[in-house]
Enquirer: 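Structure below; questions to follow.
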Number of protein chains: 2
Amino acid sequence: MAELTEIKAVDMAVDTVALGDYLDGPYGEVREQMRKALGRPELAAVDPEINSPEYRQRVFEWVRLLGQEGYATRGLPTEYGGDGDIGGSVASFETLAFGDLSLLVKTGVQFGLFGGAILHLGTRVHHDEYLADIASVDLPGCFAMSESAHGSDVQSVGTTATYDYETRQWIINTPTESDRKDWIGNAALHGRVAVVFAQLINGEQNHGVHAFVVPIRDRGGRAREGVRIEDIGYKLGLNGVDNGRLYFDQVRVPRSNLLDRYGSVTESGEYSSPIENPTRRFFTMVGTLVQGRVSIAGAGLSVSKVALTTAIRHGELRRQFGPPQGGEEVPLLDYRAHQRRLLPLLAQTYALHFRQEELVDELDRVFSGEETDEQARRSLETSAAGVKAVATWHAVDCLQTGRETCGGLGYLDSSGLAARKADAEIFTTFEGDNTVLLQLVAKSLLTGYREEFGHLNPLGMAGFIATQAVNRLVERTAVRELWGRIWDEITPATEEDGDLNKREYQLALFAWREQHVLEGAVRRLKAGIDQGEEPFDVFNSAQDHVLSAARAHIDTQILEAFNRGVERCEDETSRALLDRLCDLYALSTIERHRGWYQEHGRISSTRSKAVIRNVNSICEEIRPQAGALVEALRVPDCVLPEFGPNGLAG
Amino acid sequence: MAELTEIKAVDMAVDTVALGDYLDGPYGEVREQMRKALGRPELAAVDPEINSPEYRQRVFEWVRLLGQEGYATRGLPTEYGGDGDIGGSVASFETLAFGDLSLLVKTGVQFGLFGGAILHLGTRVHHDEYLADIASVDLPGCFAMSESAHGSDVQSVGTTATYDYETRQWIINTPTESDRKDWIGNAALHGRVAVVFAQLINGEQNHGVHAFVVPIRDRGGRAREGVRIEDIGYKLGLNGVDNGRLYFDQVRVPRSNLLDRYGSVTESGEYSSPIENPTRRFFTMVGTLVQGRVSIAGAGLSVSKVALTTAIRHGELRRQFGPPQGGEEVPLLDYRAHQRRLLPLLAQTYALHFRQEELVDELDRVFSGEETDEQARRSLETSAAGVKAVATWHAVDCLQTGRETCGGLGYLDSSGLAARKADAEIFTTFEGDNTVLLQLVAKSLLTGYREEFGHLNPLGMAGFIATQAVNRLVERTAVRELWGRIWDEITPATEEDGDLNKREYQLALFAWREQHVLEGAVRRLKAGIDQGEEPFDVFNSAQDHVLSAARAHIDTQILEAFNRGVERCEDETSRALLDRLCDLYALSTIERHRGWYQEHGRISSTRSKAVIRNVNSICEEIRPQAGALVEALRVPDCVLPEFGPNGLAG
């Protein structure tokens, strides 16, 4: 890469079409189709003062429009009239996230969660009965998993589905107030059916959480007998989505309403499952829903693209202060502080773009059946959890920084940042709370993706760690040796700033942090367990350490993906620019962790200062290309605010 | 202090009444009065779906109610029927910020900005004519300073006020679209008069920015001839405030409408001013408005108290996961990651509380005339800028973290966090953009508060720095010696965690950072200038460094204020608990900057790790007192959400 960076980014003439095409990647056509769709007059943004009943109605009509035009069939298997294009359907959803986020979420509920549950947890009979009507939105439905008392800990939901041998029916019941289904999209108004997650009780035995199709409303919109529905009320954002709460009072549904791919009960009441271990079964079921997390990661990415396109364009146009000799005022983006706030975020957006592209590819291979290895599926789940957490926090960062760097104008609804900021906010807690997702990633790292640790069970984990994890880590000799070799080549280098721009050095620093934090966490856990402390306390007191390990792992994966993205790029100028942006991503991440690197003797104080200096100079170098870099992200004009000669039009 | 910390915070029985009284401080009565007022049924929160015309009307009625009940007379001089209690009026405003923030802002516009401009920039004739009507809200008015093209750089506003010798009138004019007055509160709907900041043109000469009273609407609400008023439109938040834009087309007002305390024109057209230097005059005029910044700092502080009270109570009640042996689930606040997110913010809130208390005292002394030293006034302006920036960013942090740590429930309007989050957001950019305010602080540090550097003028600064600043810093021998002595006592200490909890050590680390960053910035600036680089480029390339210097200075002042607050506290248990909380503030701040401390050889890698460990253990120690600590903040129940047995009621 060294020869490429000899052309300074500042001097390049970037072909934004070539770069944009490259970013569009294998799903360019799908993306373009959706970008065009967003410009259709029927999808024009709502008035910001629209009241929520009207807004919900409008969003429902939008979802129907998408359904009628075949939006939802792209991802459906060919045997149900679909294209079987899972990757394309995620790319399409990602692009939809440039627009109204209530539409996005309602779409996700209907096709992704509700439809996905029927598809992945049901069998042929359910597919035949429901899929076509779901895709056309003739059957609006809900995905009723979360409960008031169990948002993150789904394995402990309180709702029960008890098999009644006499009538061959399931009796769905909400035992206490805190077991009500909560936050359920499509429930307050439009859903006619819900996929309800409940403990399957058969005789004396609880076979764990399974999913059931439960009608909740008739065609006239009246709640079915035994079903109580509440509106969740006004929210910070996403008020075009009708979230509700569901209570079931001994509601009966036929035996066949159990989505029985991973567990079924015969007429005579015998339970069987292709997966014996109940924890493994639960996580296999939940694992089929991974597409939702991948999709939300993509949505977070798109939102960050909108925010940065807005803020960077504004920063290029808006002028304030400047040389006093009567000269013109200076564009905000020429100020170092402004560059510092926006350009590392832009680099991270590109980095996440390439990571997301790989994640979608992984998803596509696993769900198309091309990749059947169990390990690949687990790795996908871990990746999805990690990228979702990082991408949605990143979206919130970009919106906040975008808002602030646009000053008062960013606070106006007309900036497009206001509503998005309120809407995207929930991304950090839905489809898995981000902190809980990081713990999931950590658990995978600690256990090597072993299925028996599906549940976040400190006691089980404790035993495992006490006996195996340390050895397993120490035994990773192949990785170790490789890493050691790289390191040996790099460490003797003189402490000149230039080394910092070597990708091998950056990658090695990331990998070293990942490995070292993880090993430290394991040692800390093991020490606590060896001293006979309560497993829960051991895990809790190492929680910050464990979360850092997860984050370090995700960061490494992101840098590796970005680097591969640079290397794959065939357009020379684009590649050179991406290469420099990748430096910015790597060094600004190292800068953020420079306290840690120094603590662990991995970078000296001199080199640490050099990191800061380099981030400054790359920002300066990238600055003239900032406009081209956001243009290549291809956020369609129809979702962007108006700009005047002095930045955002007020 | 060492003897106090021997009683571990975890074991204390805290007297929350004593602690609360201590926090209420000298304005306890004023605060209590406002806390009670917030519970009045007339001030009950609006429906979140209220449309903005209704919301604006409601807020206007609220402001009138406050005015009629004498809210605004507390701060007025006794000769105009007021109490002359400036500190009390700021404390009252701070407490009002627990409630609806549209009300707060509209109140601030009417009494603080509009009334404040008349009071401080006008003379007896204006006071007699306007003050009573402003206080009773019979005359709603605006403060028309910002322009579309000049948000932060007020000295360059484009609006002109040209003296017409023939008619003895001022002609107020908006030369171009971008010179329109923008974001003006009270302008879109209710304001009848505006204090307009414009370049005073007399004959051939421009005497710089002055303020003029300009009627903009008649009693019937119609715009006056030559005045064009636009509604700014829907915003992210604060939609109860009618922000507007004002354009003036050769609008004529009588000569006496110039607020002439700092500059006047005789009938015959002779300009005179008590302050000869125009830059100094401008900054003196603007300086009188410092109360606005102090008030917004207090408002930010109150908002952070609401957010943390909500999130910490929720964290104490809400349970998720936990030991697998069938035990009860664990309250969120028992998780280390949760403590880590909330408790350092709580410590910072307390720290800012004590800093704000000192700032209000400073303001009161300067504006009551008790303190007449020019240096004291400049120091107040710098302090206000710094505390405003830090307190409002802190408010945004607390709302974001509060929202996230309450999970989905924090996203509901009923949590009270949603609307506040949208409203308080603008605090970071209004009454001075925070980044610009930090530059103001930096400038004061670099020039030793010398008035000639009022304007952020790189060229003038450059000359000064080249010749004097370095020497001035080096000459600060008194400070140096004191610091050196403290340091010498501390550095030979063994690297045991215990030292970290010595206040002297913490203070020394803060002071060292402040001094070192500032010296580094000066050296960097001087080197650039000595090499003949363009002054603007020199300043720009050191901007990150200069901003860090400002932040380090503010941080030190905050820690010092907290420490004094601990020392002054007479209730033993409260003092011991505050002492520990002060440790948490100090160490979590040092932790955030540990990369820097290591780079500069001030803490070793071993000690840096000890800082992290100590933050963890103080969090654990403080955790059982978290409920008492938020109770003592006295956020009234009427502005808090409902709580159920499992946290926030949904």
Side-chain angles (χ1 to χ4, degrees), chain A residues 48-49 51-52 148-149 151-153 178 182-183 232-236 320-325 330 334-337 340 403-404 407-408 411-414 418 421-422 425-426 428-430 433 435 456-459 534 536 540-541 543-544 547 594-595 598-601 605 608-609 616 646 650, chain B residues 48-49 51-52 148-149 151-153 178 182-183 232-236 320-325 330 334-337 340 403-404 407-408 411-414 418 421-422 425-426 428-430 433 435 456-459 534 536 540-541 543-544 547 594-595 598-601 605 608-609 616 646 650:
Chain A
E49 290 233 48
N51 60 38
S52 45
S148 297
S152 293
D153 186 3
S178 63
D182 208 347
W183 278 95
I232 201 171
Y234 202 71
K235 294 159 291 183
L236 196 157
Q320 286 279 278
F321 299 108
Q325 309 90 324
V330 173
D334 283 357
Y335 288 97
R336 169 153 291 165
R340 270 273 180 183
R403 205 305 281 159
E404 288 186 29
Y411 195 69
L412 285 179
D413 178 76
S414 58
K421 197 162 175 298
E425 180 61 51
I426 196 69
T428 60
T429 30
F430 80 178
D433 174 273
T435 302
L456 287 175
N457 174 333
L459 195 64
E534 279 297 312
F536 179 79
N540 194 24
S541 80
Q543 197 186 18
D544 53 330
L547 293 175
R594 62 192 219 273
Q598 291 178 80
E599 276 155 12
H600 296 83
S605 57
S608 183
K609 290 184 202 166
N616 280 340
N646 199 11
Chain B
E49 290 234 49
N51 60 39
S52 44
S148 298
S152 293
D153 186 3
S178 63
D182 208 346
W183 277 96
I232 200 172
Y234 202 70
K235 293 159 290 181
L236 198 157
Q320 284 282 277
F321 299 107
Q325 309 91 322
V330 173
D334 283 358
Y335 288 97
R336 168 152 293 167
R340 271 272 179 183
R403 203 308 278 161
E404 287 186 29
Y411 196 69
L412 285 179
D413 178 76
S414 58
K421 199 163 174 300
E425 180 60 49
I426 196 68
T428 59
T429 32
F430 81 177
D433 175 272
T435 302
L456 287 174
N457 175 335
L459 193 65
E534 279 296 313
F536 178 80
N540 193 24
S541 82
Q543 197 186 17
D544 54 329
L547 294 174
R594 63 194 219 274
Q598 291 178 80
E599 276 156 11
H600 295 84
S605 57
S608 182
K609 290 184 203 167
N616 280 340
N646 200 10

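Proteins get letters first, then strands, A, B, ... in listed order; numbering begins at 1 in each.
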Enquirer: When you measure from the side chain of A/Glu49 to the backbone of B/Ser52, do you find a donor-acceptor pair of N or O atoms at a distance under 3.5 Å?
Expert: yes

Enquirer: May I ask you to test the A/Lys421-B/Lys421 pair for a side-chain heavy-atom distance under 4.5 Å?
Expert: yes

Enquirer: Between B/Glu404 and A/Ile426, is there a donor-acceptor pair closer than 3.5 Å when you use the side chain of the first and the backbone of the second?
Expert: no

Enquirer: Would you check, one step at a time, whether the test side chain to side chain contact (heavy atoms under 4.5 Å, CB included) holds for A/Arg336 with B/Ser541?
Expert: CA-CA 6 Å; A/Arg336 169 153 291 165; B/Ser541 82; 3.7 Å; yes

Enquirer: Less than 4.5 Å to any heavy atom of chain A: does that hold for the side chain of B/Leu547, its backbone, both, or neither?
Expert: side chain

Enquirer: Determine the interplanar angle of the A/Trp183 and B/Tyr411 rings, folded into 0 to 90°, and report it as parallel if under 30°, tilted if 30 to 60°, perpendicular if over 60°.
Expert: tilted

Enquirer: Can you tell which of A/Ser178, A/Gly601, A/Ala422, A/Ala337 has the highest number of heavy-atom pairs within less than 4.5 Å of chain B?
Expert: A/Ala337

Enquirer: Looking at every non-hydrogen atom in both residues, tell me the closest pair between A/Gly595 and B/Gln598 and how far apart they are.
Expert: O-NE2, 2.8 Å

Enquirer: At a heavy-atom separation under 4.5 Å, does B/Phe430 approach chain A through its side chain, its backbone, both, or neither?
Expert: neither

Enquirer: Would you name the heavy atoms of B/Asn540 and A/Asp334 that are closest together and state the gap between them?
Expert: ND2-O, 2.6 Å

Enquirer: With a 4.5 Å heavy-atom cut-off, do B/Gln543 and A/Arg340 have their side chains touching?
Expert: no

Enquirer: Can a donor-acceptor pair be found, under 3.5 Å and without considering hydrogens, that links the side chain of B/Asp433 to the backbone of A/Gly407?
Expert: no

Enquirer: Looking at B/Arg594, B/His600, B/Lys235, B/Glu425, which one has more heavy-atom pairs under 4.5 Å with chain A than the rest?
Expert: B/Glu425

Enquirer: Non-hydrogen atoms of chain A under 4.5 Å away: do they reach the side chain of B/Ala149, the backbone, both or neither?
Expert: both

Enquirer: Non-hydrogen atoms of chain A under 4.5 Å away: do they reach the side chain of B/Asn51, the backbone, both or neither?
Expert: both

Enquirer: Contact between A/Thr429 and B/Arg403 at the side-chain level, heavy atoms closer than 4.5 Å - yes or no?
Expert: yes

